[in-house]
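Note sheet for the following structure.
These numbers come from a predicted model, not from an experiment.
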Number of protein chains: 2
Amino acid sequence: MREAHHAECPMDSLLRLLMGPWTSYIIWVLRNEGPTRFGELKRKVSGISAKVLTERLRMLEGAGLLTRHHEPTIPPQVTYALAPRGEELRGILDTLNSVALRWRAEDQTQQGQIGGDKTADSCMPAADKPAAAPADSKTVSA
Amino acid sequence: MREAHHAECPMDSLLRLLMGPWTSYIIWVLRNEGPTRFGELKRKVSGISAKVLTERLRMLEGAGLLTRHHEPTIPPQVTYALAPRGEELRGILDTLNSVALRWRAEDQTQQGQIGGDKTADSCMPAADKPAAAPADSKTVSA
DNA sequence: AATTTCAGTTACGAAAAGATAACTACTTTA
DNA sequence: TAAAGTAGTTATCTTTTCGTAACTGAAATT
């Protein structure tokens, strides 16, 4: 009964595709880093499990947003890259990103600049951000 | 641990806002029908529960995408409408919709037109689609 | 010979989200 | 007096999703 409402709406499907906890982030990485191998992707996203990464990757591949190139060497090499449709999405994602950024900026200005100049252009500075706990995310906090 | 990955990414938050099972549909209705009351909205979406509708509405209101006008008459009248930010989103939603539509069309053409001319411009034809059970959604089926 | 690496898969438990139904207050209508 | 309608809230149950950990195979490494 989860897909009985209006799943036939194309926009909704697309939105649903883009949403999951890591999905847009994966596309972002692929878009910034170019073709990336599974392990590297897993390292880049830093926090995702192999299971969910595989899941998302398969979903995205099924939707034609990215391609999977499997080199059947013995340490197998699987490389993921943005497919034409994934590239097409870049524009929308960029727009979405700039709108979100602007709104955040507006909110901050309205409240009186608390954080200084947090005017980063995305969540992907491409070469830093160890993403919280470097390698020990299993510190129970609940 | 569900929001520990990269929730601070503005685009991701926006995407997450837009995603829920009914969210984009609600915005779509508001966009096409203009200001709408709770009960009417619930009827229009046809299948959503009051609980989830309230939840989504509150979320959307909190994000500044829509406004809630509460008229404290005795049969209370609560009207929801798109806020400026909601209007701003219309363009993106339209783009997203057209891309999704085009992709679907491409897929259908590639497979040989099975369904005839399903070239509807959205999931919201604005004036028809009784959407399954017309007014009796409490027929127990479980 | 045992371990490591790659790219996953599988099983299992926990947590979040959603569905359903019952209930609220108050007035108007029958 | 009883029922219906408004806009929800609350509680409970079920479904789905997510995270963790263990496991796969085969070659290269130690």
Side-chain angles (χ1 to χ4, degrees), chain A residues 1-7 12 16-17 19-23 25-26 35-61 66-81 131-133 135-142, chain B residues 1-7 16-17 19-23 25-26 35-61 66-81 132-133 135-142:
Chain A
M1 209 156 272
R2 211 63 152 288
E3 59 281 311
H5 36 84
H6 55 291
D12 198 77
R16 198 169 308 273
L17 200 70
M19 81 158 188
W22 312 96
T23 316
Y25 197 66
I26 294 170
T36 310
R37 291 177 57 184
F38 183 87
E40 204 184 332
L41 212 43
K42 189 171 179 312
R43 247 168 277 127
K44 286 256 165 57
V45 176
S46 92
I48 197 171
S49 63
K51 178 197 160 193
V52 174
L53 180 54
T54 303
E55 213 174 273
R56 293 285 178 276
L57 253 14
R58 290 287 136 84
M59 188 176 68
L60 260 17
E61 192 199 352
L66 52 85
T67 55
R68 177 177 183 267
H69 179 69
H70 179 220
E71 200 74 40
T73 55
I74 270 313
Q77 293 198 357
V78 180
T79 307
Y80 294 89
D136 188 21
S137 57
K138 48 175 64 69
T139 50
V140 272
S141 55
Chain B
M1 211 154 269
R2 211 64 152 288
E3 58 283 310
H5 34 84
H6 55 289
R16 200 168 307 273
L17 201 69
M19 81 158 189
W22 312 95
T23 317
Y25 198 65
I26 294 170
T36 310
R37 291 176 58 183
F38 184 87
E40 204 184 332
L41 212 42
K42 189 171 178 312
R43 247 168 275 126
K44 286 256 165 56
V45 176
S46 92
I48 197 170
S49 63
K51 177 197 159 194
V52 174
L53 180 54
T54 303
E55 212 174 274
R56 292 286 178 277
L57 254 13
R58 291 285 137 85
M59 189 177 67
L60 260 16
E61 192 199 352
L66 52 85
T67 56
R68 177 178 185 267
H69 179 71
H70 180 221
E71 200 74 38
T73 55
I74 269 314
Q77 293 198 356
V78 181
T79 307
Y80 294 91
D136 189 20
S137 57
K138 47 176 62 68
T139 49
V140 272
S141 54

Exercise for review: Any chance you could measure B:Leu66, atom CG, to B:Leu60, atom CG, to the nearest 0.5 Å?
Suggested key: 4.5 Å
Would you say [X] places a side-chain N or O within less than 4.0 Å of OP1 or OP2 belonging to [N]?
X: B:Arg37; N: D:dA7; result: yes
X: B:Arg43; N: D:dG5; result: no
X: B:Trp22; N: C:dA17; result: no

Provide the closest heavy-atom pair for [X] versus [Y] in the form atom of the first, atom of the second, distance.
X: B:Lys42; Y: B:Ile48; result: NZ-O, 3.7 Å
X: B:Leu41; Y: B:Thr36; result: N-CG2, 3.7 Å
X: A:Thr54; Y: A:Ala50; result: OG1-O, 2.7 Å
X: A:Arg56; Y: A:Pro21; result: NH2-CD, 3.4 Å
X: B:Thr73; Y: B:Pro75; result: OG1-O, 2.8 Å
X: B:Thr79; Y: B:Pro35; result: CG2-CB, 3.8 Å

Review point. What do the steps show when you test A:Arg68 against A:Val78 for side chain to side chain contact (heavy atoms under 4.5 Å, CB included), and what is the final call?
Key: CA-CA 7 Å; A:Arg68 177 177 183 267; A:Val78 180; 3.7 Å; yes
Exercise for review: With side chain to side chain contact (heavy atoms under 4.5 Å, CB included) as the test, would you mind laying out the steps for B:Trp22 and B:Val45 before giving the verdict?
Suggested key: CA-CA 8 Å; B:Trp22 312 95; B:Val45 176; 3.5 Å; yes
Point to revise | Name of the residue among A:Arg43, A:Lys44, A:Arg37 meeting salt bridge (Lys or Arg N to Asp or Glu O under 4.0 Å) with A:Glu40 | key: A:Lys44
Practice item. Check the distance between C:dA7's C1' and A:Lys42's NZ and give it to me in whole angstrom. Key: 11 Å
Check your understanding: When the distance from CD of B:Gln77 to P of D:dG5 is rounded to whole Å, what number comes out?
Key ->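 Nearest whole value for this atom pair: 16 Å.
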Review point. For the side chain of B:Lys51 and the base of D:dG8, is some donor closer than 3.5 Å to an acceptor across the two?
Key: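 When only heavy-atom distances are counted, B:Lys51 does not reach the base of D:dG8 through any donor-acceptor pair under 3.5 Å.
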Exercise for review: Can you figure out which of D:dT20, C:dA7, D:dC18 approaches the side chain of A:Ser49 most closely?
Suggested key: D:dT20
Review point. From the list C:dG8, D:dG19, C:dG18, which nucleotide is the closest neighbour of the side chain of A:Val78?
Key: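 Closest nucleotide among those given: C:dG8.
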**Study point:** Trace of the side chain to side chain contact (heavy atoms under 4.5 Å, CB included) decision for A:Ile26 with A:Tyr80
**Key:** CA-CA 10 Å; A:Ile26 294 170; A:Tyr80 294 89; over 6 Å; no
Check your understanding: Using the C1' atoms of five pairs at each end, what's the angle between the two axes of the helix from C:dA1-D:dT30 to C:dA30-D:dT1, to 10 degrees?
Key ->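 Axis angle across the helix from C:dA1-D:dT30 to C:dA30-D:dT1, nearest 10°: 20°.
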Exercise for review: Let me know, please, whether B:Ile48 or A:Thr79 comes out on the 5' side of the other along DNA chain C by nearest nucleotide.
Suggested key: A:Thr79
Review point. Listed in order of residue number, which residues of residues 53-61 of chain A have a non-hydrogen atom at under 4.0 Å from DNA chain D?
Key: A:Glu55, A:Arg56
Any N/O pairs under 3.5 Å between the protein and nucleotides 24-30 of chain C? List them or say none.
none

